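Right, one structure below, let's go through it.
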Amino acid sequence: MSRAIGIDLGSSSSCVSIWRNGQAEPVINDWGNTVTPSYVSFTDKGRLFGDAAKYRASIHPSNTIYNFKSLLGRKFSDSKVQSLISQLPYQVVDRGGIPSIRVDYRGERKEYIPQEIVAMLLLRLKELAELEQGTEVSQAVIAVPSFFTFVQREAVRDAAQIAGLHTLKIVNEATAAAVHHLISNGVLGQGQKNIIVLDFGAASLDTSVIVMDERALEVKATTSNPKLGGTHFDDVLVAHFASMFKSLHQKDIYGYPRALQRLRHACERAKTRLSFASQIPLEVDTLVEGDGLYSIMTQTRFEDLCGKLFEQVAPSVERALSGANLNPRQIHEVVITGGSSRIPAIKSLVKRIFDGKTPSIVDPDCSVANGAATLAAILTSPANVESRRFNEYARLDIAPHGLGVATSGGLMTTIVPRFAQIPIESFVDFTTVQDFQPSIVIRLYEGEHSQAKDNLFLGRLVLLLGHPQPRGFPRIRIAFTVDSAQIVVTANLIGTEESTTLTSTGGG
Ligand SMILES: Nc1ncnc2c1ncn2[C@@H]1O[C@H](COP(=O)(O)OP(=O)(O)OP(=O)(O)O)[C@@H](O)[C@H]1O
C-alpha cells in the first residue's frame, strides 16, 4: 500500500508528517527529533543527513551542504545566487548556467545540481516516513515559501521525482499551517472569519491571508519577505561578535570558514536560548589561532541589534493585508508559527500590529508539515465525504506572482495578476508595431516589475503571421491557462489556424 506524506522543505530544517488515526503527526527521526536539519554532508564512507551532517559543518565546511533551497530553480548568474555563494563555505560552480555544488565524495570529486541535493534530503524524509508507518510512500504534498516562482516550484517537483515521490500538490508554507490550524481545531465553516497566518521561518517571513465563511475558504494573498528570517538574526549576532573578536585579537573571522561556521552555530544557539532567558553566555574556545571568544548577550541587547529587522514585520504584514484588501482591524484571528515565532519580541510586535490581539501560536516546528500531510490525506481519498466537502469549500491556490509578456518599450503587460485564484484562464489581444512583420516573438515573464527584463524570464513563443500586413492589422491573442501544476501559454493569430503553445510545469 502506498500512503501520501506531507513535507515542510525548510531552509534550515525540514519536517515530514504522516496521516494516522484521523490526524496529522510528525515523524520522529533517528535523533529523536521531529525536525531534521536541511543539511547533507559528504564523506569518504557515505552521506550523512540532518543532525549528523550539521554536526560536521564546522569540521568539514567544504563538504557539508546547507542553504541549498535558496539555489533551487535559479540561474548561476542570479544576483541572489552570487551573493549567497560569497557566504557559503562550500563550492558552487557554473554548470551550463545552473549552479552546481562541488564536493569530495568517497574519494572522488562530484558535482550535484540543487535538485539532486534536495532529492537526497527528500529521500531521507520519505524513508523516515516509510519506517514509521511500515508501508511504501510514493506521493507527497510539499510546502514551499510563497515567494517561490513557478520555476522554483517546478524544481521542487523535479527533486521529488528524483527521490521517487510524485508531488500531489505544492502548497505555500503559511497556507499549509493555516489548513492544519483550521482543521485540527474544527473551525472550518463556522461563520465569517478573516485569518492571517505569519510563518517566521529561517529564511523568510511567509504570510497568508485567508477569508472564510459558511460557503467557502479562500486564500486572498500570500506574501514573503525573504530578508526576514532566523538566519538574518544569526547574521546580526555573527557580525556583532566578529567585530568584537577583531577589536580584541585583530583577526577577521570572515577569513576563516571553519571559525565562521563555529561562531554561526554558537550564535544560533545563543539566539534560541535567549527566547527563554534574559541573558546567556557565549563561549567558543580556540576560534582562530588559539584565540577564543567569551562574552554574554542579553535579550535587550539582542533586540537592539535586530531592531532594523524587527521593523520590517509591520510593512510585511501591511503588504499581505493590502493584497487581500483588508486592514488589521478586519482580522479576526492572527496565527503565528515557524521557529522564529518563539522570539518574545516578535510575539509582542505582532500583538501591537493587531491592536493588542493575542496571536494564536501553533506548533512552530511541525504545523506546516502537518498541514501538508492533511492535504495529502484529502487528495488521496477523493471519494471520502469530508475530502469532497473540503475540496469544494477551499480555494487554496493563488498565483504567487503576476504572469505576462513584454510589450513595446520592454514594458511588462500582466495577463494573470498576482494573487489571482488558480486554476485560471486569461487572455489579452495584441497587434504588431512594425509593417509587414512575418512573425512575432513573445517573451513570457513572471513578476511584478514594470520593466519586463527585471522579472523572471519564463520562455518565448514565435508566432508566424501568415501573409504580411501593415502594423496594427494582425490580431494576436495571448492566453494563459494556469493551474496548480502547470502554465500553458498559447498565442493565436485571430481568425486563422496559426497558433503556438508553450507549456511549463510548476505549481501554485
Ligand atoms: N527558541 C527559538 N528562538 C528563536 N529562534 C528559534 C528558536 N527555535 C528555532 N529558531 C529559529 O527558527 C528558524 C527555523 O524555523 P523553521 O524551522 O520554521 O524554518 P525553516 O522551515 O527551516 O525555514 P523557511 O521556512 O524559512 O524555509 C531557525 O532560524 C532557528 O534558529
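Quick caveat: nothing in here was measured; it's all calculated off a predicted structure. Note that the numbering runs from 1 along the sequence shown for the chain. All ligand and atom numbering here is 1-based and tracks the order in the structure.
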Any N/O pair Gly338/ligand 1 closer than 3.5 Å: no
Aromatic contact between Tyr294 and Phe241, with the criterion being ring centroids under 6.0 Å apart: yes or no? no
May I ask you to say whether Arg264 pairs ionically with Glu268, meaning some side-chain N is under 4.0 Å from a carboxylate O? no
Sub-4.0 Å heavy-atom approach of Pro145 to ligand 1: no
Ring centres under 6.0 Å, that's the criterion: do Phe245 and Tyr256 meet it? no
What is the nearest protein non-hydrogen atom to atom 8 (N) of ligand 1, stated with its residue, atom name and distance? Arg342 NH1, 3.1 Å
Classify the contact between Phe276 and ligand 1 as side chain, backbone, both or neither, using a heavy-atom distance cut-off of under 4.0 Å. side chain
Are Glu218 and Lys193 close enough for a salt bridge, meaning some N to O gap below 4.0 Å? no
side-chain contact (heavy atoms from CB on, under 4.5 Å) partner of Ile331, the single match among Leu321, Ile195, Asp355: Leu321
Give the atoms of ligand 1, by number and element, whose distance to some non-hydrogen atom of Ser204 is under 4.0 Å. 26 (O)
Protein heavy-atom partner closest to atom 6 (C) of ligand 1 - residue, atom, separation in Å: Gly339 O, 3.3 Å
At a 4.0 Å threshold, what atoms of ligand 1 neighbour a non-hydrogen atom of Glu268? 28 (C), 30 (C), 31 (O)
Between Glu116 and Lys110, is the closest basic N to carboxylate O distance under 4.0 Å? no
Could you give the distance from CG (Asn172) to OG1 (Thr222), rounded to the nearest 0.5 Å? 4.5 Å
Give a yes/no verdict on whether any heavy atom in Ser13 is under 4.0 Å from an atom of ligand 1. yes
Should you measure from each heavy atom of Glu173, which atoms of ligand 1 turn up under 4.0 Å away? 25 (O), 27 (O)
Going by side-chain contact (heavy atoms from CB on, under 4.5 Å), Ser367 matches just one of Ile361, Asp8, Thr337. Which one? Thr337
Is Asp365 close enough to touch ligand 1? Criterion: a residue heavy atom under 4.0 Å from a ligand atom. no
Any side-chain heavy-atom pair from Glu111 and Arg95 closer than 4.5 angstrom? yes
Can you confirm whether Lys347 is buried at NZ, in the sense that more than 12 heavy atoms of other residues, nucleotides or ligands lie under 6.0 Å from that atom? yes
Quick note on ligand 1: atoms under 4.0 Å from a heavy atom of Ile343 include exactly 4 (C)
Just to be sure I read this right, does ligand 1 sit under 4.0 Å from the backbone of Lys69, its side chain, both, or neither, counting only heavy atoms? side chain
Contact atoms of ligand 1, heavy-atom distance to Ser11 under 4.0 Å: 20 (P), 22 (O), 23 (O), 24 (P), 26 (O), 27 (O)
Within the 4.0 Å heavy-atom shell around Ser275, which atoms of ligand 1 are there? 1 (N), 2 (C), 3 (N), 4 (C)
Going through the distances and angles, do Phe200 and Phe233 end up as a ring-ring contact (aromatic ring centres under 6.0 Å, His included)? CA-CA 12 Å; Phe200 290 92; Phe233 303 130; 8.4 Å; no
By number and element, which atoms of ligand 1 are closer than 4.0 Å to a non-hydrogen atom of Gly230? 29 (O)
Which residue holds the protein heavy atom closest to atom 23 (O) of ligand 1, what is that atom called, and what is the gap in Å? Ala202 N, 3.1 Å
Counting from 1 in the order shown, the ligand 1 atoms closer than 4.0 Å to a non-hydrogen atom of Gly10 are 20 (P), 21 (O), 22 (O), 27 (O)
Shortest protein contact, atom 14 (C) of ligand 1 (heavy atom only): Ser12 OG, 3.4 Å
Would you say ligand 1 has an N or O under 3.5 Å from any N or O of Asp199? no
Among protein heavy atoms, which lies nearest atom 26 (O) of ligand 1, and at what distance? Ala203 N, 2.7 Å
Please tell me if the side chains of Leu282 and Leu293 come closer than 4.5 Å, counting only heavy atoms from C-beta onward. yes
